[in-house]
Every structure is written in structure tokens, then in C-alpha cells.
Amino acid sequence: MTFVLTGELESMGRNEAKAKIESLGGKVTSSVSAKTSYVVAGSNPGSKYDKAKKLGVEILNEEEFLKLVNGTP
């Protein structure tokens, strides 16, 4: 799975989020494309959020992201 991070995450830094994704076998990229699996949107997301919406990429808020990476329902 490929993730793009945008905005500020409250519970962890961007490097920590990236490390968590990579430890689970995912990949983090800096730009959104049609091949992006998820965009994780923190507070004040930028143009990556808008591009994800335009391309129909699934957008996760921080809570949804944490549930996904922690394996909780």
C-alpha cells in the first residue's frame, strides 16, 4: 500500500508515521497519484488533500489511520 501524508498529525510526528507505515510493509510517497492507496490528512491539509479528492483516492483522518496501522476495528 502507498500512503501520502498531508497536514499535521497530533499524536505522532511525520517521521514516526512514516516509520510505522514502512514497518508494516507500506510505502510513503510525497505526491498523490491514481496509484496512491491512502492519503492521511491531519490538520491543515494542503493541495495533496484536494488532489486526492479529485482522483478519488481514499482519505483517512488521523483516527482512521491509527486504527488501520494498529489493527483495531
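Count residues from 1 along the sequence.
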Side-chain donor/acceptor of [X] to backbone N/O of [Y], under 3.5 Å:
X   : Y   : result
E22 : A19 : no
K53 : E58 : no
K67 : T72 : no
T6  : G46 : yes
R14 : L9  : no

Check your understanding: If you measure from OG1 on T36 to NZ on K51, what distance do you get to the nearest 0.5 Å?
Key -> 8.0 Å

Practice item. Output the distance between atom NZ (K18) and atom OG (S23), rounded to the nearest 0.5 Å. Key: 13.0 Å

Check your understanding: Would a 4.5 Å heavy-atom cut-off, applied to side chains only, mark M12 and L66 as touching?
Key -> yes

Looking at every non-hydrogen atom in both residues, tell me the closest pair between [X] and [Y] and how far apart they are.
X   : Y   : result
K20 : V69 : CE-O, 3.6 Å
L60 : E64 : CA-OE1, 3.3 Å
A34 : L55 : N-CD1, 3.9 Å

Check your understanding: Do V32 and V28 sit in the same hydrophobic cluster, where Ile, Leu, Val, Met, Phe, Trp and Tyr count as joined when their side-chain heavy atoms come under 4.5 Å apart?
Key -> no

Exercise for review: Indicate, with yes or no, if M1 and V39 share a hydrophobic cluster defined by side-chain heavy-atom contacts under 4.5 Å among Ile, Leu, Val, Met, Phe, Trp and Tyr.
Suggested key: no

Point to revise | Crowding at CG, N70 (>12 non-hydrogen neighbours, <6.0 Å) | key: yes

Check your understanding: Does Y49 OH have over 12 foreign heavy atoms under 6.0 Å away?
Key -> no

Practice item. Give a yes-or-no answer on whether the side chains of E62 and S11 include a donor-acceptor pair shorter than 3.5 Å. Key: yes

Exercise for review: State which residue, out of V4, L68, V57, I59, fulfils the side chain to side chain contact (heavy atoms under 4.5 Å, CB included) condition with Y38.
Suggested key: L68

